[in-house]
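We're numbering straight along the sequence, starting at 1.
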Amino acid sequence: MLDPSNEDDGTAPTVSTPRFVGRDRELTALRGALAQPPAIVLVEGEAGIGKSRLLREWLSTPAERTALVSVCPPLRESLTLGPIVDAFHGIDGPVSQLRLTALAGALRPLFPEWSANLPPALPPLDDAKAARHRLFRALDELLRALRVDVLVLEDAHWADEVTLEFLLFVISRQQSDGPSLVISYRPEEVGDGSLLLRLTSRLPAGVTQLRIALAPMRPDDTAALVSSMLDGNPISQEFTTFMHERTGGVPLALEESVRLMCDRADLVFRDGQWVRLKLRELQVPPTVRDSTRERVSRLSPTAQQALRAAATLADRSSVATIALTAGLSPGECRTAIAEAASAGVLDGDDRGRWRFRHVLAATAVYESIPLTDRRHVHLLAGRALEQVHPPPVARLAHHFREAGEIPSWARYAEQGAELAIASGDHTKAVDLLVDLLSWAVLPPADRARVARIAGVAALGRREQVDQVYHRVVRTLRSVLESPGLSARQQAEIRNPLGRLLITGGEAQAALGELEQAVANLDHDPVEAARAMTYLGWAYAGPWPAATHRRWLDRAADLTAQIDSPAERLNLAGNRAAALLMLGEQEAWDVVADLPLGGTTPAERLDVARIHANVGTGALIWGRYADAAEHLDVAMRLAEAEQASRLQHNVRLEQANLAWLTGRWDGLAQASAALADADRDRPAHYLGSIRLAARLAAAAGRRRAAEEQFRLVLEESARLGAADDTMEAAAALARLWLADGNSGRALRITNEPMDTVRRKGIWIWATDLVPARVEAHLAAGDLAAATRLTDQFARGLRGRTAPAPRAALTVCRALLLAAAGDHTRAATAYARAASAWSALPRPYDAMRARERQAEAIIAQGRTEQGRELLAEQYEQLFRLGARGDADRVAQRLREHGAEVPRLWRGGRRGYGDQLSPRELDVVQLVVAGKTNREISRILAKSPATVDQQLRAAMRKLKVSSRTALAVKAVEAGVFAEDESLDNAS
């Protein structure tokens with residue numbers, strides 16, 4: 001007789017929601033971190049690994065806390081700040097009861113349904129970055145007014161850039177009462193340029209930090225999870241191995257596979273455990289897509305219809321929205337959703353909105369919709385979402401795009417772009433509009449308008465030269481080639497296109513576009529004057545200074561006709577900066593009339609930018625006191641308006657000023673921080689690299705300096721920033737001249753020198769001309785060196801530009817030395833050193849004194865020359881120019897002089913006296929402590945203690961620890977020190 005326990009009982013398993021398995025340690029860590037606010041918790045892992053389940057378990061734990069939760073939808077064009085807005089929509093209680101300041105008026109565009117309870121709308125800001133920052137502050141205020149303890153953002157890899165910027169903003173302001181953040185994401189779906197990398201790689205100090213990286217489940221956890229879905233009964237070892245190998249231990253794949261196997265009756269209960277039927281070889285789906293499709297196919301046609309609608313909608317949607325999209329009545333839809341929810345496919349929230357439990361499942365269902373039907377479903381989705389208030393414009397644009405409904409797509413794309421720009425998300429606006437221009441056939445007038453808005457939005461982007469930049473440039477050029485555009489419409493597109501091309505380094509093309517634009521911008525004098533001012537900036541293109549000057553004069557004539565004081569100020573300030581770049585002396589008269597502030601935030605930001613540009617021009621002229629003054633004004637205003645990007649610009653120029661004026665302490669760290677902050681802005685990033693290259697060259701780190709200067713030279717040339725190529729070329733020439741390679745030095749300076757001659761802007765040549773003159777002389781071409789010096793002198797006539805004039809004095813001294821007139825050369829070098837010192841520019845003054853010393857020695861006054869050379873050695877050394885100091889030391893040795901011994905870093909020497917650290921060690925020796933005890937007390941390594949002990953014994957001329965203690969007490973070395981009686 002057969003034992004009944006060995007027979008299949010024929011019972012189909014009842015499938016339950018899986019128990020929370022294998023994540024107890026992570027849940028404990030999550031609770032512990034959030035119990036110590038403020039905290040930042042990052043939960044990372046691949047799709048289906050259990051990130052959301054972990055967060056749901058934590059949220060389900062009873063606690064006295066306020067948590068806002070949002071999930072980023074996988075839309076191709078997600079709504080700017082959509083996840084954050086959705087989180088706030090989930091709050092309980094009326095907004096009217098909150099204590100909000102006038103700043104909350106900035107929230108009206110995001111929460112129109114709260115208009116009756118929000119403060120009045122704030123005046124618009126011209127600066128998009130300032131508008132975005134104001135909006136962030138308002139959202140942060142709302143968080144704090146709601147007393148939110150934890151803000152949870154799931155699937156942050158799908159978040160829009162502005163949402164991520166807001167998270168960075170919240171992190172930067174976390175205080176003891178600030179909200180904690182919990183952010184989940186898939187690392188494999190985070191792009192290289194995503195701000196999420198910045199958020200996850202640089203967590204702030206002073207807050208509780210936790211990173212939870214969820215890994216696939218172990219085999220025993222796999223068995224526990226599957227068992228929890230099957231009435232809690234165990235599963236066989238064979239079944240465990242099968243499931244774990246086929247799913248890789250991914251919880252989502254496990255769950256979906258179990259459901260599929262149960263639907264297909266491939267599981268039986270035998271011998272007290274669940275086993276897989278061997279008579280039907282089940283191919284467990286390698287992806288969730290396969291299991292989801294088969295499971296969904298077993299639901300009723302009405303449920304499948306609702307699921308296709310939910311998959312098309314992608315984001316959480318109400319029953320009404322899903323019903324309209326599915327073409328079902330509300331009652332039918334509720335029944336269908338209930339069936340899908342019972343099957344574990346859909347998941348609802350407390351607001352009655354539904355979506356797929358897993359995005360992969362939604363994707364599988366969506367891709368199962370025949371291509372011939374998708375357009376219709378998207379059309380229904382768009383029409384359904386039009387009834388939602390406020391309308392989700394980005395989702396509407398997406399659905400009408402997929403439906404091929406161009407008029408509706410265009411309308412919502414423009415609305416979405418307008419909202420994105422208002423929120424400071426210019427990249428999202430560009431994406432929406434460029435997508436529309438690329439795929440939709442629009443009437444010429446609409447096409448021109450959208451292209452103009454896209455170009456203006458692109459100018460406001462933080463990122464400058466990237467894939468989005470290249471795409472918008474290609475699109476604008478394509479629009480210009482399309483028929484039916486008027487000259488005016490073309491001009492309104494060419495104007496932003498030209499300014500974009502300057503950013504991308506296409507200087508010649510930029511000037512061509514701007515020239516054509518100006519001819520047809522008569523209807524807009526402000527934009528015409530602005531375009532003319534851009535044509536007046538000298539760094540771009542091959543035009544001579546006279547041509548740039550004519551454009552500036554035309555812009556000035558037009559500016560006089562503009563009524564707006566703010567626009568006149570903007571144009572006048574930009575004109576002043578452009579004139580400085582041209583080396584025009586009259587620029588300083590314009591600068592003298594610039595205001596130091598403004599009446600509105602927009603005016604203050606404009607004034608700050610103008611003073612920053614003037615500060616840059618003053619650096620080029622060598623008017624360092626003026627530069628410091630204007631940069632201080634710019635920084636004060638930028639900080640007051642919390643314009644972080646402008647602050648970075650000013651900090652870079654202040655760092656350049658510190659370099660020039662010999663204040664080098666901390667510059668290496670400053671250059672690294674600036675480079676890190678400005679990686680997305682090529683010109684500013686290269687500026688910080690140039691600063692690092694200067695320091696490397698002065699320190700004698702030849703290879704690093706050469707690589708960095710070469711990068712600056714090549715990239716500046718590619719970007720069309722001709723003025724930024726000068727110093728890099730000169731620095732490389734000096735490095736190669738030190739190797740005796742005059743030919744290479746001449747070749748590297750050929751193109752920058754041609755630029756100076758062609759444009760006739762000689763104030764740019766402060767570093768370039770002396771290096772070029774020295775190269776000519778090293779090559780034996782005294783005539784060429786003389787001609788270049790004469791050209792330099794003529795180019796500087798009438799200009800109070802102290803730095804170029806000091807450089808001219810150096811060139812004349814070089815010519816005298818090359819001619820063998822060492823007496824006059826020494827005098828000329830002394831004059832150059834005085835000129836540099838007056839700026840002050842001490843590094844160049846020291847190098848001029850070094851040459852003066854060489855000229856004195858060449859006269860036969862060796863002792864006097866060596867003394868001067870020794871002074872420069874010490875001064876260069878203490879400045880931080882160790883490479884130059886080593887060169888001077890070598891020259892001193894060659895001239896038979898002894899090189900002074902100077903402190904080379906680390907702890908300073910104390911001669912025969914005990915240093916403070918040696919005193920600490922000796923005092924503990926006197927107290928009878930062993931080396932190991934001293935190491936523990938002073939938190940030093942045993943090797944360090946031993947080294948300091950030996951140094952003390954050598955200084956006190958003893959050979960044992962006992963003798964050291966006796967000698968120290970006798971000598972009274974501790975008379976003025978506090979005792980270490982408490983050391984233990």
Side-chain angles (χ1 to χ4, degrees), residues 15 17 71 73-76 78-79 82 86 89-90 113 256 259-260 263 288-405 407-409 412:
V15 182
T17 299
V71 181
L75 294 176
R76 190 163 70 173
S78 58
L79 181 63
D86 285 348
H89 279 153
E113 65 273 28
E256 297 297 330
R259 294 184 185 280
L260 174 61
D263 288 346
V288 177
R289 176 179 301 159
D290 298 329
S291 62
T292 302
R293 286 182 177 178
E294 185 162 357
R295 183 154 56 89
V296 168
S297 69
R298 298 183 179 277
L299 300 177
S300 69
T302 305
Q304 292 183 42
Q305 199 169 342
L307 287 175
R308 285 193 291 270
T312 303
L313 287 163
D315 200 8
R316 288 196 181 275
S317 302
S318 66
V319 172
T321 301
I322 295 174
L324 289 172
T325 304
L328 300 171
S329 69
E332 291 174 323
C333 190
R334 275 192 293 271
T335 302
I337 289 175
E339 180 183 354
S342 297
V345 181
L346 290 184
D347 180 43
D349 63 10
D350 55 2
R351 297 173 59 193
R353 300 179 307 169
W354 296 88
R355 70 168 184 178
F356 278 78
R357 292 183 62 237
H358 305 294
V359 172
L360 291 177
T363 303
V365 172
Y366 177 77
E367 292 180 350
S368 71
I369 303 173
L371 291 174
T372 53
D373 295 341
R374 286 186 194 174
R375 277 196 168 195
H376 182 64
V377 180
H378 277 291
L379 178 61
L380 293 177
R383 290 175 177 171
L385 289 172
E386 283 185 313
Q387 300 186 31
V388 174
H389 182 76
V393 289
R395 295 175 66 192
L396 284 163
H398 164 73
H399 289 300
F400 284 120
R401 177 194 189 280
E402 297 300 322
E405 290 289 313
S408 296
W409 172 19
Y412 288 116

Looking only at heavy atoms, which two atoms of Leu346 and Ala310 are closest? And how far apart?
-> CD2-CB, 4.2 Å
Looking at residues at least two apart in the chain, or sitting in another chain, which of them share a side chain to side chain donor-acceptor pair (under 3.5 Å) with Thr312?
-> none
For the residue pair Ala311 and Phe356, what are the closest heavy atoms and their distance?
-> N-CE1, 3.4 Å
Would you tabulate the side-chain donor-acceptor contacts of residues 369-377 under 3.5 Å, counting partners in other chains and residues two or more places apart, or write 'none'?
{"residue": "Arg374", "atom": "NE", "partner": "Ile369", "partner atom": "O", "Å": "3.0"}
{"residue": "Arg374", "atom": "NH2", "partner": "Glu367", "partner atom": "O", "Å": "3.1"}

Supply the atom-to-atom distance Leu313 CG to Arg395 CZ, rounded to the nearest 0.5 angstrom.
-> 6.0 Å
Ignoring hydrogens and angles, write down the donor-acceptor pairs under 3.5 Å from the side chains of residues 327-341, residues two or more places apart or on other chains.
{"residue": "Ser329", "atom": "OG", "partner": "Glu332", "partner atom": "N", "Å": "3.1"}
{"residue": "Ser329", "atom": "OG", "partner": "Glu332", "partner atom": "OE1", "Å": "3.3"}
{"residue": "Glu332", "atom": "OE1", "partner": "Ser329", "partner atom": "N", "Å": "3.0"}
{"residue": "Thr335", "atom": "OG1", "partner": "Gly331", "partner atom": "O", "Å": "3.2"}
{"residue": "Glu339", "atom": "OE1", "partner": "Ser300", "partner atom": "OG", "Å": "2.6"}
{"residue": "Glu339", "atom": "OE2", "partner": "Ser300", "partner atom": "N", "Å": "2.9"}

What residue pairs, at least two apart or across chains, pass salt bridge (charged side-chain N to carboxylate O under 4.0 Å, His left out) with a residue in residues 379-389?
-> Glu386-Arg411
Closest non-hydrogen atom pair, Trp409 against Phe400 | N-CB, 3.7 Å
Can you see which heavy atom on Leu324 is nearest to which on Gln387, and at what distance?
-> CD1-NE2, 3.7 Å
Nearest heavy-atom neighbours spanning Thr325 and Ala381 = OG1-CA, 3.4 Å
Contacts table for residues 301-308: side-chain donor-acceptor under 3.5 angstrom, sequence neighbours left out:
{"residue": "Gln304", "atom": "NE2", "partner": "Ser297", "partner atom": "O", "Å": "3.1"}
{"residue": "Gln304", "atom": "NE2", "partner": "Leu299", "partner atom": "O", "Å": "2.8"}
{"residue": "Gln305", "atom": "NE2", "partner": "Ala326", "partner atom": "O", "Å": "2.6"}

Roughly how far, to the nearest 0.5 Å, is CZ of Arg353 from CG of Asp86?
-> 6.0 Å
Is there side-chain contact between Leu396 and Val388, with at least one heavy-atom pair below 4.5 Å?
-> no
How many angstroms lie between CD in Glu405 and NE2 in His399, if you round to the nearest 0.5 Å?
-> 13.5 Å
Answer yes or no: is there an ion pair linking Arg316 with Asp347, defined by an N-O contact shorter than 4.0 Å?
-> yes
